[in-house]
Amino acid sequence: MMDQKDIVRFLTTTIDSFIQDRLINKEQRTQHKDQCAERLAAEDENGDKETEVEYSDQAVLANLDWGIEALEEAINTYNMETKLARLDYAEKMLQVCAMLNPKQKTAGVPNSYLSAWAHLNLSYLWKLRNNIQSCIFHALEMFIVDPFFARIDFAPELWKNLFLPHMSSIVGWYSEERHKLMMEVIPESSDFSYTADFDKVFNESLVFSMRPNQLDKLQKLEQLYGESLDENTKLYAKYYNDCMNSDSTSSKKVIPMLPIAEPPMTPLHELSRSVPDFVKFGPILPKSSGFSMATRRSNDGLNETNRLELCTRVLNSSNLENLTSNSNHSKGEKSSMWGAKESIIEEIEDDSDSEHYDASVDSDKINIFSPDLKTNIKDEDVEPKVYRSNQKDQMQSPNISPMESPRAARKHSSPNPRIHRKKESKFLRLLSNRFKGSTISDHSLSSSPDTSSDHIFNGDEEEAMVLNNIKRKNDSQTASVNQDNENSLGLNDSSHCESEDGYQSSTSFPKLGKLTIGSKPPKDFVCPITGQIFSDPVTLETGQTYERKAIQEWLGTGNTTCPITRQPLSANILPKTNYVLKRLIVSWKEQHPELAQEFSNSNTPRGSSCSPSAKDIAMISTVQRTTDSPSQKFKDDYIRQRNNRFTRVAVGASPTSVLSQAAVETIINSLTPYITSLCTSENLQDCEEAVLEIARLWKDSKTDPHIQSYLSKPTVISGLVEILSASLNREVLRRSIYILSELILADERVGETLNSVDSDFDCLATLLKNGLFEAALLIYQLRPVFAQLSEHELIPSLIQVIQNKNEDIDGFQLSIDPGDASIAILEQILMGGDEYNRSVNASSVISANGIPAIVKYLDRMEGRRSVISILLCCMQAEKSCKISIANRIELSPILELFHAGNDSVRGICVEFLSELVRLNRRTFSNQILQIIKDEGAFSTMHTFLVYLQMAPMEHQIAVSSLLIQLDLLVEPRKMSIYREEAVETLIEALWQKDFSNNQMKALDALLFLIGHVTSSGKSYTEAWLLKVAGFDQPYNVLMKAEQLGYHDNDLMETMEDEKNAMKSWQKRVASVLCNHENGSIFQALEECLKSNSLKMAKSCLVLATWLTHMLFTLPDTGVRDIAQKSLLEALINVLQSSKNLEEKILATLALKSFISDPTAHEALRVYAKSIYRILRKLKKYSTVAADILKALLNLNSVDVTELWSCKEVVELDLSSNGEVLSLLYLNGQVLSGHADGTIKVWDARKRIPRVIQETREHKKAVTSLCSSVDKLYSSSLDKTIRVWTIKPEGIKCIDVYDVKEAVYELAANAELACYVTQGTGVKVFNWLDTPKLINFNKYVKCLAVAGDKLYCGCSGYSIQEVDLSKYTSTSFFTGTRKLLGKQTIHSIQIHDDFLFACGSSVDATAGKIFSLSTKMVVGSLSTGLDIHRAAITSDFIFAGTKFGTIEVWLKDKFTRVASIKMAGGQTKITSLVSDVDGMMLFVGSSDGKIQVWALD
């Protein structure tokens, strides 16, 4: 048994995994929402029609809808600010439904259902916030509030993992009870083994043979079983909840008691492993039943509704395993648990409501499952006959196996896109199984809206054909047929409209309902302004609902208040349509058509066959769901174009296009035997010959409408589709497609007939993959939705169609070229799905080498827009393909389309051109721009300018970028209307704080305008600026990754041309942007830098840095002051507040431009102290920081003493080793030489040094340490010089040189060593020969080497210069001799071509600074203390005196800043060194201590 921690861990892992999968699978979330909406709609149809829906109920449903919508927006957005805002809003909306009283109803819907739905979405929400505790709480609360729908609708797979293992006893009890009941039904039960023949217990055929009282028992058993599952699910959910709360909140850790699931009776067996999953889940309620089972459980007996529910449960039991085995569906597919069998049940329900059904007959006396059910069904209603015959076959063939076919039915059926619909009559869709040796496909039954009534069979001949077909199929059915195919007839909705042939459907059974005199629509359905029923309701912030057009007119007249409440309205933009209210109104209209017509403000008749089909609606909704795609902006135009594209003018009744009546009859008579053969023959060859003749006769008829109507019968369509699935003759297949294409072109209802069976589309997709290119034409005409296209992976096949030249079918000219159809399909695939799907699909097009072939289609006027859309998708998905497109494409067709197209077409053309010119070669980009500028008969720039003035903002940004680039192909003139309008548009976009998306697009356009673009199409301006600032790493990494360098075979002059072109281009862009309207862009950037969006602020900082950097390379026109006033404080704020190193360096680079401006000095003085420390830390990364720091310290307005601060970090007591005679800093390490001959190596990368090595190879005091490259040199009083290798782990002695004299000072490198002994002069040793003495009769105290010169600080306050190449010496400086005291130079340091000499204080001066080039004194250190040791950094001079004081001097101004007092009083400073960054100071003293100071 698991302990509490294991339970919590199990809950966390299971629920977190489930929620994570749901968040990843957008299609599943959309499908789940549609399923729940279908249940709500079904409940609305089944509920009380006279009950008005209160506005408060509408508000609750609207809150749930808005909450789910806001949550979906949060999931899909990448903007963290937007995501958090939408999550907060979603939480408020969902909490309203989550807190509903579960025992009540809202608008007829159980509150428990709404609350559970809300808890599921709140679980998603808390997962997005990374709060797993709350996520688990809401998931469990869902099972507590409504366990029934939680396990069958909301989270069946989660229920299976969390609760089903505890239900084994209940499942065992149910199985045994059902077994007992089945024993009464099975005639020979003595041989029936429960464990061996378990499936027979759930055989649906047994239910058909049950008596009413047995059905009543079974129904009660099902009900009790479901209640037991629900009660125990709630029990365990509460237990899990207690475990979570106890684990997180209770300090005493009280462990909850584990509950036990108790069945109504104790079973003899627990058969959970042998029981199928569909049994374990208990009774399943179909979506079309609403909440009937959950809300109308009765013990009064088995009424007709409950019996149908029970049969639905039983008939679908064989499919319910999909609930668990395929719970995570992909690509928008649904579980097929409610397949063909559900359609049969729904048909019976429809008939039970019709006027042909005698409702007065006692339901208990009628066995609805009996084969003898013939009462009150008309002769022309074929469906009951088909049902009986199929049932009989089903009883005979219990063991059935599926077969593969090009038209194999999919495992999952797509949802019906129209939820609110009237239940209409069905027509027959013949799909016979009659070809011997052919593969037969499965067909699930589905309904198709808006189907023409001419598909209903009329006439004796057709009826006989139908019945013969049915009889033949039933007689020839064998055990090899799939069990799911027991109903080979699809049931489709028929239209109420009259067909062209005058046929009219008489099989529709409208629901009975009488309207009372004076009745009115619900008041909440009527607009208070117009007095008419809502068509497009919108709910304002005041809670009042109005018709959209009416409230728009109200606001358009200048009103700013709500018409009813008179409360002021804060929002200028109307909210989205109240879809919950709109759905309720649509449902009400269907129930009360007379009232709806009377109070409706629309005269358009409903149910017209000319209305868009369900496929159109689904396709439009699919396109509208796509976001951030290039074609998103043009989806409406795309839908219109797709509907109108390739449309042929309808055949009129003119003498040239219509055959005579006699000719029509002749052709029909000729067609009849072939059609009969096509529809009835079992010989495939006969059917193939019939297709060839039908195609010929159809062509000869010149597509006469009468012939077309005759061929559009369902029998003919069915026969042609079966030929497509069975035939292997390529010519026959092509002719079949030709006929179907022509029929669809003449009457779209034929396409709807094909769409009603999903396997028809599967068959066409298979044919296309197998190389039948003409199938692309039929796929296009069927107008499939994105989910259908994506699941078949058609892109490689479509590319093959586009790449191959298509020929006519032996004189049979196709209405649409398959290549054009493939282009249209390919565009739909690339437009559909989310960003990831678009990227993957575009990459598939590129990898299939489709770009060259697609580009060639630009030569055709038809479909040109689609080609541009496809190419744009490819460029945005994979930037590297732009070079390939740019090298192949002809721009004149695009410009022609732009000149001739509407605004939408122009928008996509501009976006395409704007993307195309973003290349990594400036010269190539300029060539393309020049072609755009010069191509065409009209002025491209003028056309762009006109479009700029009327285009939407997102298009204005793209066309503005193009206009600026076209204008800058030549040197900018003082005035250009094109350039001025374009720049002004971009700057206006930067000011639009309420439209952050436009601001971001404008910033991106400006950054790409600079021209730094990688080969993958990304801007690398930031990396380039960092390189300018001395931080090369990002630039070098980018160059290596993107391979921006030119190839080896590129000529040097090509590289030089590119460099010059880039330099010239940047100057032009900077000049145009900076000088526009006296620097107005800097004011706009100031506002953008304040944005809360990190991405926008970063882009703005990059642009501002580039502009200020380039500004000071241009002539000063007064714009510099504007830039400084606008940006200086913002840049300092970035430097102070940003946590990002790159942002700090960018701000530093921008500040450098202002450091020379006197007007900026005052602002720098104010912030000097706060930015001083930051700049010191940035010195190690950026040379610009060092430059600014130096300039800052030298400003007269800045008091350096205010900036200085230091702090003692640690004092290291090394007195056991004697005096610290020498210190050396090298690569993050400090080396110290001591009086006892010890050398210690310290790790100085952290504030407190630590010893990593200690060596004592010298016998006496180590007097000096110096280094060169990777070698360390040490001198000692033991008369040796040692050479060491330096490694991170320490030093190692490799050479020892015995110089025969004690060494007091050393300066060495790889070529020679210069050292001082007790005598006068200095000795030079080249590591090989005998040391040479260079004697100038002075005692040397210190040495420094610079190149081939050696500088010696001597007694007598003089400096000698030794030429090491000639071994000669000259006097560099001679001081004034004093009578009293000894004047000596104790320390010489060389830094930045200056020599710093420090020693005895003479005339209150203890140090002098010389220029090595002029040998002139450039400064002095005025102090009365003798300086014994000195250390020089880039900013300061540190002078150590013999009395333990270190004086700090500003290096460039030679002014004293501060003094540091050593601990220990009058101790002598013997060594002094600073780290390379000047951040740490290490001081060695005569008392054997090392003090470490942090220089902040």
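As a basis for the values below, the full set of heavy atoms in this structure was taken, side chains included, without hydrogen atoms, waters or symmetry mates.
Aromatic ring pairs are classed by plane angle as parallel below 30°, tilted from 30° to 60° and perpendicular above 60°; the pair Phe1373 and Tyr1357 is perpendicular.
Note: Ile1409 CD1 to His1391 NE2 = 13.0 Å, rounded to the nearest 0.5 Å. Atom OG1 of Thr1470 sits about 10.0 Å away from atom NE2 of His1234, to the nearest 0.5 Å. Atoms OH and CG, from Tyr1315 and Leu1306 in turn, are 10.0 Å apart once rounded to the nearest 0.5 Å.
Counting heavy atoms from C-beta on, the side chains of His1428 and Thr1441 never come closer than 4.5 Å. Within the 4.5 Å cutoff, side-chain heavy atoms of Leu1421 are placed close to those of Cys1398. In this structure the side chain of Thr1467 reaches within 4.5 angstrom of the side chain of Ser1486, judged on heavy atoms. Side chains of Ile1286 and Gln1229 form a contact here, defined as non-hydrogen atoms less than 4.5 Å apart. The shortest distance between side-chain heavy atoms of Leu1131 and Phe1154 falls below 4.5 Å. The shortest side-chain heavy-atom distance between Leu1450 and Ile1437 does not fall under the 4.5 Å cut-off.
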Please output the side-chain donor-acceptor pairs of residues 1220-1228 that fall under 3.5 Å, not counting sequence neighbours, one pair per line with the distance.
none

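Nearest heavy-atom pair, Phe1436 versus Arg1176, reported as atom, atom and distance to 0.1 Å: CE1-NH1, 3.7 Å. Counting all heavy atoms, side chain and backbone alike, Val1209 lies closest to Ile1248 at CG1-CG1, 3.8 Å. Contact record, Cys1314 with Leu1364: SG-CD2, 4.0 Å, taken as the closest heavy-atom pair. Minimum heavy-atom separation, Val1362 to Ser1369: CG2-CB, 4.0 Å. Across Lys1027 and Tyr1035, no two heavy atoms sit closer than the pair CD-CD2, 3.2 Å. Across every non-hydrogen atom of Ser1274 and Trp1284, the tightest pair is OG-NE1, 2.9 Å.
Salt-bridge check for Lys1341 with Glu1305: failed, with every basic side-chain N at 4.0 Å or more from each acidic carboxylate O. A salt bridge between Asp1435 and Lys1179 is present, with a side-chain N of the basic residue lying under 4.0 Å from a carboxylate O of the acidic one. A salt bridge is absent between Lys1489 and Asp1213; no separation between the charged side-chain nitrogens and carboxylate oxygens falls under 4.0 Å.
For Val1251, the side-chain contact (heavy atoms from CB on, under 4.5 Å) test picks out Trp1242, with sequence neighbours left out. By the salt bridge (charged side-chain N to carboxylate O under 4.0 Å, His left out) test, Asp1393 is found to be paired with no residue, residues two or more places apart in sequence or in another chain being considered.
With hydrogens and angles disregarded, a donor-acceptor distance shorter than 3.5 Å links the side chain of Gln1253 to the backbone of Ile1291. Between the side chain of Thr1445 and the backbone N or O of Lys1461 there is no donor-acceptor pair closer than 3.5 Å. For the pair Thr1108 (side chain) and Ser1153 (backbone), a donor-acceptor distance under 3.5 Å is absent. With hydrogens and angles disregarded, a donor-acceptor distance shorter than 3.5 Å links the side chain of Lys1144 to the backbone of Leu1135. The backbone N or O of Asp1236 lies less than 3.5 Å from a partner atom in the side chain of Arg1256, making a donor-acceptor pair. Proximity of a side-chain donor or acceptor of Ser1276 to a complementary backbone N or O of Lys1260 within less than 3.5 Å is detected. Under a 3.5 Å cut-off, the side chain of Asp1426 and the backbone N or O of Ser1400 do not form any donor-acceptor pair. Between the side chain of Ser1420 and the backbone N or O of Gly1407, no donor-acceptor pair lies under 3.5 Å. Proximity of a side-chain donor or acceptor of Asp1403 to a complementary backbone N or O of Thr1405 within less than 3.5 Å is not detected. Here the side chain of Thr1320 pairs no donor or acceptor atom with the backbone of Asn1335 at under 3.5 angstrom.
Crowding of Glu1289 atom CD: a count of heavy atoms from other residues, nucleotides or ligands under 6.0 Å exceeding 12. Residue Gln1136 qualifies as enclosed at atom CD: its count of foreign heavy atoms under 6.0 Å is above 12. The environment of NZ in Lys1332 is sparse: at most 12 heavy-atom neighbours from other residues, nucleotides or ligands sit within 6.0 Å. Crowding of Tyr1181 atom OH: a count of heavy atoms from other residues, nucleotides or ligands under 6.0 Å not exceeding 12.
For the salt bridge (charged side-chain N to carboxylate O under 4.0 Å, His left out) condition, no pair includes a residue of residues 1215-1225, sequence neighbours left out. Residue pairs meeting the salt bridge (charged side-chain N to carboxylate O under 4.0 Å, His left out) criterion with at least one partner in residues 1180-1195, sequence neighbours excluded, are Lys1152-Asp1187. Among residues at least two apart or in separate chains, ring-ring contact (aromatic ring centres under 6.0 Å, His included) pairs with a member in residues 1291-1314 are Tyr1297-Phe1325, Tyr1297-Trp1327.
In summary, the side chains of Gln1360 and Thr1370 do not present any donor paired with an acceptor at a separation below 3.5 Å, with no hydrogens or angles considered.
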Trace of the salt bridge (Lys or Arg N to Asp or Glu O under 4.0 Å) decision for Asp1392 with Lys1451: CA-CA 11 Å; Asp1392 292 341; Lys1451 177 186 169 185; 2.7 Å; yes

